[in-house]
Protein chains: 2
Amino acid sequence: MNLKQLAHMLALSQTTVSRALNGYPEVNEETRRRVMDAAKRHGYRPNPSARRLATGKSGMIGYVLPTGAAVDIDPHFVEFLSGLGDYARAHELDLVLSPADADDQETTYRRIVANRQVDAVYISSPGPADRRVALVNTLGIPFIVHGRSEGSGFDYPYLDIDNEGAFREAARLLVQLGHRRLALINGDNRETFAIHRERGVRRALAASGLTLGDSHVCSVVMTEENGYRATRRLLEQDDAPTAIACSSLIMALGVVRAVRDLGLTIPGDVSLIAHDDVFPWLKPENFSVPLSTTRSSIRLAGARVAERLAARISGLEEGARGEVWPVDLVVRGSVAGAPG
Amino acid sequence: MNLKQLAHMLALSQTTVSRALNGYPEVNEETRRRVMDAAKRHGYRPNPSARRLATGKSGMIGYVLPTGAAVDIDPHFVEFLSGLGDYARAHELDLVLSPADADDQETTYRRIVANRQVDAVYISSPGPADRRVALVNTLGIPFIVHGRSEGSGFDYPYLDIDNEGAFREAARLLVQLGHRRLALINGDNRETFAIHRERGVRRALAASGLTLGDSHVCSVVMTEENGYRATRRLLEQDDAPTAIACSSLIMALGVVRAVRDLGLTIPGDVSLIAHDDVFPWLKPENFSVPLSTTRSSIRLAGARVAERLAARISGLEEGARGEVWPVDLVVRGSVAGAPG
DNA sequence: AGAGTCTTCCAAAGCGCTTTGGCTGTTTCG
DNA sequence: CGAAACAGCCAAAGCGCTTTGGAAGACTCT
């Protein structure tokens, strides 16, 4: 059942039927009703390929997926996707993942924009002066950045959580508890969130006249194994920290294991606070010692990004509005006063 | 730069240019070369919307993503996606995720097929007589099932791992080590993989005249917390098992925690084998006691599914060929002889 | 009553590609 | 040498929608 048939059946022109269906004003309300009715009754659905060719709009949002044998997709992605999908479903938006060589994403961005394959894109895990953000900005497609890219020299729309504030508060709490030697086990510091978190810790320490020693901070890909190794390294050095801030629950698993392997305890010897993106399958309250966390649902962020993308597509949102969400600090058993 | 302009520039008809570019035979080789050359020089890329409208082919593969506030996307998904994307990139295929109400995926399947939005789809985590498989089969779109759906009454193409064999071998090893009371902490038993794994364990036990008691098997969503709870329940009952087979590494985290909480040890009191889908961020060899596993890379499966989908799209693969991959049994420190 | 203004609808021209049906000139073969 | 076969190209008709530029009729206003 296509437009032509429907129009013929109603003894109307395709023009009128199309306008009736798309809510244009120049059509009699009764006619519109007749058309809507017939469309529903016959299950008419406009062919998206045809519509796309005519309008250039695709009803899809895009994401360039970096791939490659050495590239791992972050498990956070799936939670973000959950939220995104949840919103997108309610608004009949599809999501297209365009796999790209991790080292050459530009080609793919150019392709999907030139081909008008998607109406908007989002970018995640940006780094400082991220090239993708600059590119997408000049290409002129609606977009939202999940995270921030500092030093780009222009404004852009983004959604981020207050990573600096979160880790500042976490560190401040630890300092208040008497800790003087803090350590930070961070994510890859080519990403802004890691930079912000480090800044947050440094600021909190500075406020009490303390510093974060070079040997007390490590930036690694957030795996359990890296959490373990970092912790071993930290705790086996001379001025071992008495408190650790950690950028992910998965790494925290490794931290806990390392602490135990060294015959130490949490929070007796080491206090621990980790960032929790809220996974359904791994919860901080279920750690052997319940884990204090800075908590922010990445799933909610996914839904919000979808919502804003939809708004930008339909012209409801414009400009370079940045949105920063506060982060909860949830104190559980893994923190205590400094030993000694 | 569109076809018309390119044709005009070459003083050829659109027909000839189109045919030259698409490798049709009825065009002089020299002409073809000229066309190909000019196309490359001017960076001509056929408009996919137009091509799609004309041919009905989209160059995309589809996946219906169940969503909803209560629906969690499996973290395995991201690894599968990694492999899929890796292959898809090399073949210029995009992946479109169509979010659907988890309780009504049929509408979405019908839509993406009717609209010809994708050239093929894959289905994951099927259950017995899965309705999606039947639906997609009748809709007549190329597809591959990742996993199996038994009792459908028809054949279909799939890729699965030998879950039964894997867990049979795992259980057999435990029995050989003298264990008489095994337990299985399984995934949701509405999914075929869980059924197969249980069957594998039962067969291995039966071969030695043993059985799997009802109180020794649990089917739960695969979270750390559920792994913990199941283990507590198992080990606190009267005829507690001395060995546990577990369907996922994430659940195994909970198992380990529960065993420790009960003051027991692995493998002293309890032997443990878990299935490992090979995550980059959580490795069995890094468990406090290195974990024995049945191992099969879900990422490789993703790549293979993409490969077969591409083959089916281009007509290279046909029929209902099923493919079952063997699973490695990797023995590490978490298994030992039965206590006592 | 005539000019202007709405309202409501339509024919037709795209959007950029593929594919059908045919046309021209050259080669092949009985 | 004439018919048949073939190679190589083209014009035009789709694919199914949106949108432009009217047109016809009803209505208002002077």
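Chain A is the first sequence line, chain B the second, and so forth, proteins listed ahead of strands; every chain is numbered from 1.
With distances taken from any side-chain atom of B:Asn2 to the nucleotides C:dG16, C:dC9, D:dC17, the minimum falls on C:dG16. Of the candidate nucleotides D:dC17, C:dC10, D:dC10, D:dC10 has the atom lying nearest to any side-chain atom of B:Leu12. Of the candidate nucleotides D:dG16, D:dT18, C:dC17, D:dG16 has the atom nearest to the side chain of A:Leu53. The listed nucleotides are D:dT19, C:dC10, C:dC9; the one nearest the side chain of A:Glu26 is C:dC9.
B:Asn22 has its CG atom 16 Å from the C1' atom of D:dC9, to the nearest Å. Rounded to an integer number of Å, the gap from A:Arg32 CZ to C:dT7 P is 14 Å. In this structure, B:Gln117 places its CD atom 15 Å from C1' of D:dC17, rounding to the nearest Å. Counting to the nearest Å, the P atom of C:dG16 and the CE atom of B:Met1 are 12 Å from each other. Nucleotide C:dG16 holds its P atom 16 Å from the NE2 atom of B:His8, rounded to whole Å. The CD-P distance, from B:Gln5 to C:dC15, rounds to 10 Å in whole Å. Taking atom CG on A:Leu10 and atom C1' on C:dT8, their separation rounds to 15 Å, with Å as the unit. The distance from atom CZ of B:Arg52 to atom C1' of D:dG16 is 13 Å, rounded to the nearest whole Å.
If B:Arg19 and A:Ser18 are placed on DNA chain D by their nearest nucleotide, the residue sitting closer to the 5' end is B:Arg19. Position along DNA chain C of the nearest nucleotide to A:Val27 versus A:Gln14 favours A:Val27 as the more 5'-ward residue. Heavy-atom distances to DNA chain C give each of A:Arg34 and B:Ala54 a nearest nucleotide, and the one nearer the 5′ end belongs to A:Arg34.
Aromatic ring centres of B:His91 and B:Tyr87: separated by under 6.0 Å. Separation of the B:Tyr158 and B:His146 ring centroids does not fall under the 6.0 Å cut-off.
In this structure, B:Asn28 does not reach the D:dA7 phosphate: none of its side-chain N or O atoms is under 4.0 Å from OP1 or OP2. Not one side-chain nitrogen or oxygen of B:Thr16 sits closer than 4.0 Å to the OP1 or OP2 atom of D:dC9. When the side-chain nitrogen and oxygen atoms of A:Tyr24 are compared with OP1 and OP2 of D:dT19, one or more of them lie within a distance under 4.0 Å. For D:dG16, the OP1/OP2 oxygens have no side-chain nitrogen or oxygen of A:Tyr44 closer than 4.0 Å.
Between the side chain of A:Thr15 and the base of D:dT18, no donor-acceptor pair of N or O atoms lies under 3.5 Å.
The residue A:Ala11 sits close only to the backbone: its heavy atoms come under 4.0 Å of sugar-phosphate atoms, none of a base. Among the protein residues, A:Ala7 comes within range of no part of the nucleic acid, since none of its heavy atoms lies under 4.0 Å from any strand. Across all strands, A:Ser49 comes closer than 4.0 Å to no nucleic acid atom at all (heavy-atom distances).
Between A:Glu323 and A:Arg304, at least one side-chain nitrogen of the basic residue sits less than 4.0 Å from a carboxylate oxygen of the acidic one, meeting the salt-bridge criterion.
Using a 4.5 Å heavy-atom threshold, the side chains of B:Val145 and B:Tyr156 count as touching. In this structure the side chain of B:Leu97 never reaches within 4.5 angstrom of the side chain of A:Val96, judged on heavy atoms.
In this structure, A:Glu79 and A:Val278 approach most closely via the heavy-atom pair OE1-O, 3.7 Å.
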